[in-house]
Student: 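Before anything else, here's the structure in question.
Letters A, B, ... are given to chains in the order of the sequence lines, protein chains preceding strands, and every chain is numbered from 1. All values reported here derive from a predicted model rather than from experimental measurement.
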Amino acid sequence: MTQRPTRTGELLSIDGLKTHFYTQDGVVKAVDGVSFGIRNGETLGVVGESGCGKSITALSVMRLIERPGRIVAGSIRLADRDLLALSDEEMRDVRGNAISMIFQEPMTSLNPVYPCGDQIAEAISLHEGIHRREAGDRAIEMLSQVGIPDAKRRAREYPHQLSGGMRQRVMIAMALSTNPELLIADEPTTALDVTIQAQILELMKALRERNRMAIMLITHDLGVIAEMADDVVVMYSGKVVESSDVNTVFEQPHHPYTKGLLASIPRLGEKRHRLEVIQGVVPNPLNLPKGCLFKRRCPSAMPVCDTPPPLQEIQPGHLSRCWLTPAGEPPEIGADAEAETAVAAAAALTVEA
Amino acid sequence: MARYVVRRLIQAIPIIVGISIIAFFIVYSAPGDPFDRFRSNKVSPEVIANLRRVYGLDQPLPIQFVKWFTAFWSFPFDNTAWGFSITDGLPVRDKIFERIPSTLQLMGTSLILTIIIAIPVGILGAVKQYSIADKVIAVITTIGYALPTFWLGIILRQIFAQQLDLFPLFGKYTFGKEGDILDLLWHLALPAMTITIVGVAGWSRYMRASMLEVLRADYIRTAKAKGLASSRVIFKHALRNALIPIVTLLGLTIPTLLAGAAITEAVFSWPGLGYLGVSAVTERDYPVVLAFAMIGGAMVIIGNLLADILYAVVDPRIKY
């Protein structure tokens with residue numbers, strides 16, 4: 001396998017990650033050969049529909065995959081550490097310390113039977129090795145940093161006494177309390193209403209500046225990506241289908257799936273009768289189509305799509321897993337060409353087989 | 001909280017009146033009569049009619065009920081408030097009160113043992129779900145759950161008391177050793193073991209189910225994502241949540257434990273309330289049966305109240 005072009009100063013590097021679930025009905029390849037990297041201080045948006053493997057990728061980085069799931073191949077490196085080679089104990093020291101994670105459901109992500117402040121203090125005293133009372137003071141400080149008024153009182157309150165937006169702030173305070181190098185935010189605003197979403201995004205931006213941390217932002221909301229991300233990775237059925245910097249993805253998307261996602265955003269004031277949608281549904285993970293996983297829903301599908309397309313470099317730093325040429329035309333070898341010829345022809349363009 | 005408890009106790013009044021009416025009429029409408037056993041050619045009907053008059057059974061039922069019910073509540077001051085036992089003529093209140101310590105000893109020991117064993121077993125089954133240990137536990141507990149208490153009691157007595165002669169066959173004390181704590185524990189072993197085995201089987205399954213549900217919760221993932229060791233995730237974050245339904249169930253089960261103890265007490269001739277209740281029913285000793293039914297009703301009410309109070313203690317989301 002050819003290495004994906006590595007960039008200097010990468011904090012997190014994921015290479016050829018495969019996380020499979022061994023269910024009774026067969027093997028679900030939830031993440032199947034995913035590679036991407038995040039530089040120090042960078043925000044990477046990971047986009048895709050439900051079930052595309054974005055959350056499983058995040059949980060793989062945290063090594064929190066539960067049975068029957070298992071990381072079967074690939075490597076995950078944080079700076080110079082190989083996370084998959086660490087012992088459980090060493091990995092616990094990474095979790096919540098070097099890498100923190102916040103989740104989609106603020107309503108259920110906090111333990112209902114302990115006060116919010118204690119839950120933050122627990123992470124602090126665990127990783128900083130400081131006394132509980134001191135950790136409690138730090139927790140209150142964190143709560144006011146994330147914009148919770150009357151933090152001292154709120155710290156003693158239980159999660160059910162706080163609103164959804166407040167709980168997500170508590171989650172963020174908990175995640176940032178140990179000054180992580182990388183924050184993984186898995187749909188942090190999806191469960192919140194729109195005004196609160198904007199507040200949380202503003203808060204994350206402010207804290208990103210202050211803490212100079214990298215963020216892996218998982219979302220299906222392209223608006224959130226446009227707001228937050230430097231680079232974007234688009235995932236589909238457990239694979240990366242397109243990746244580039246945020247402007248290129250929005251202005252010159254190459255993969256038909258990315259184009260479809262962008263076309264399905266409603267725009268204010270635009271005179272369109274129907275919203276464009278991507279036809280069809282995500283393929284059944286137990287019965288994936290041969291060749292390109294998107295071909296059944298793709299408006300540009302052609303015979304060559306029966307062969308899995310390689311991830312080709314459209315232009316420097318812009319990768320797309322599609323047979324279309326960088327200009328968006330069908331490949332020169334033509335729609336009628338033998339698949340083998342196509343593979344051979346593509347090999348020249350390929351950065352990853 | 002105090003206001004809530006007072007309100008609940010006030011609500012209990014109509015319930016206890018309802019229980020007493022139902023219990024009274026069911027007991028009296030059951031076939032048979034306390035003096036059936038005297039019926040023979042040698043006892044003249046006049047003698048039996050005389051006995052019925054002495055005990056007031058010749059009067060119309062509603063009058064009997066009102067007399068019984070009004071007298072019943074003076075029991076803290078009057079040991080004849082609950083009437084006299086038809087079997088031996090002793091005041092019912094004294095008969096029952098002298099048995100309460102024995103039942104509490106047996107119930108308390110069994111309940112504590114059950115909890116001490118069932119909770120760790122349930123946690124183990126949930127944390128190591130589908131492991132060999134979990135499957136072995138599942139088989140043993142399912143068998144334990146399926147065993148009828150009386151049968152298990154008889155088998156344990158057969159093996160450990162009769163054949164191996166390790167424990168006494170029946171009773172609470174060896175004759176002449178009354179008050180000896182070691183002798184009491186020796187006598188307590190088999191009946192307590194009987195109740196505990198059946199109890200552990202059920203409670204460990206509840207605990208496992210509750211724990212499994214909690215282990216799938218989002219906040220458990222949060223706790224792991226913090227970098228906590230799995231022991232801390234299980235015993236701090238999961239356990240307290242998993243115990244919430246268990247504690248509630250525990251309060252509700254206290255009256256059932258009394259009923260379960262009745263059978264075991266009868267098997268081992270343990271001088272507790274249950275044993276007294278069972279023999280009173282077979283002898284149609286109406287005053288004792290009624291007092292027993294009232295105590296059972298009160299236990300249900302207290303158990304429910306206790307469950308609700310404990311619920312508020314363990315779950316900060318519950319406030320009264």
Student: Nearest 0.5 Å please: distance from the CG atom of B:Asn241 over to the OH atom of A:Tyr114.
Tutor: 7.5 Å
Student: Contact part of A:Met107 toward chain B, heavy-atom cut-off under 4.5 Å: side chain, backbone, both or neither?
Tutor: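 Neither part.
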Student: Can you tell me which portion of A:Met171 sits under 4.5 Å from chain B's heavy atoms? Options are side chain, backbone, both or neither.
Tutor: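 When you check distances to chain B, only side chain atoms of A:Met171 fall under 4.5 Å.
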Student: Can you confirm whether more than 12 heavy atoms, excluding those of B:Tyr311, are under 6.0 Å from its OH atom?
Tutor: no
Student: Is the number of heavy atoms from other residues, nucleotides or ligands within 6.0 Å of NE2 (A:His131) greater than 12?
Tutor: no
Student: What closest approach, in Å, do B:Pro316 and A:Pro112 show between heavy atoms, and which atom pair accounts for it?
Tutor: CG-O, 3.3 Å
Student: Mind checking which of residues 204-235 of chain B sit less than 4.5 Å from chain A, heavy atom to heavy atom?
Tutor: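 Residues of residues 204-235 of chain B touching chain A at under 4.5 Å: B:Asp218, B:Tyr219, B:Arg221, B:Thr222, B:Lys224, B:Ala225, B:Lys226, B:Gly227, B:Leu228, B:Ala229, B:Arg232.
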Student: Tell me, for A:Leu64 versus chain B, whether the close heavy atoms (under 4.5 Å) come from the side chain, the backbone, both or neither.
Tutor: side chain
Student: Is it the side chain or the backbone of A:Asn111 that comes within 4.5 Å of chain B heavy atoms, both, or neither?
Tutor: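 It is both, since atoms from each part get that close.
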Student: Is the count of non-hydrogen atoms from other residues, nucleotides or ligands lying under 6.0 Å from A:Arg67 atom CZ greater than 12?
Tutor: no
Student: What part of A:Ile184 lies closer than 4.5 angstrom to a heavy atom of chain B: side chain, backbone, both or neither?
Tutor: neither
Student: Hydrogens and angles aside, do A:Gln119 and B:His237 bring a side-chain donor and acceptor to less than 3.5 Å of each other?
Tutor: no
Student: Checking heavy atoms, do the side chain of A:Arg63, its backbone, both or neither come under 4.5 Å from chain B?
Tutor: neither
Student: Let's test your reading of the structure: which of A:Gln104, A:Glu105, A:His127, A:Glu122 forms the most heavy-atom pairs below 4.5 Å with chain B?
Tutor: A:Glu122
Student: Pick one of side chain, backbone, both or neither for A:Ser109, based on which atoms fall under 4.5 Å of a heavy atom in chain B.
Tutor: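 Both the backbone and the side chain of A:Ser109 come within 4.5 Å of chain B.
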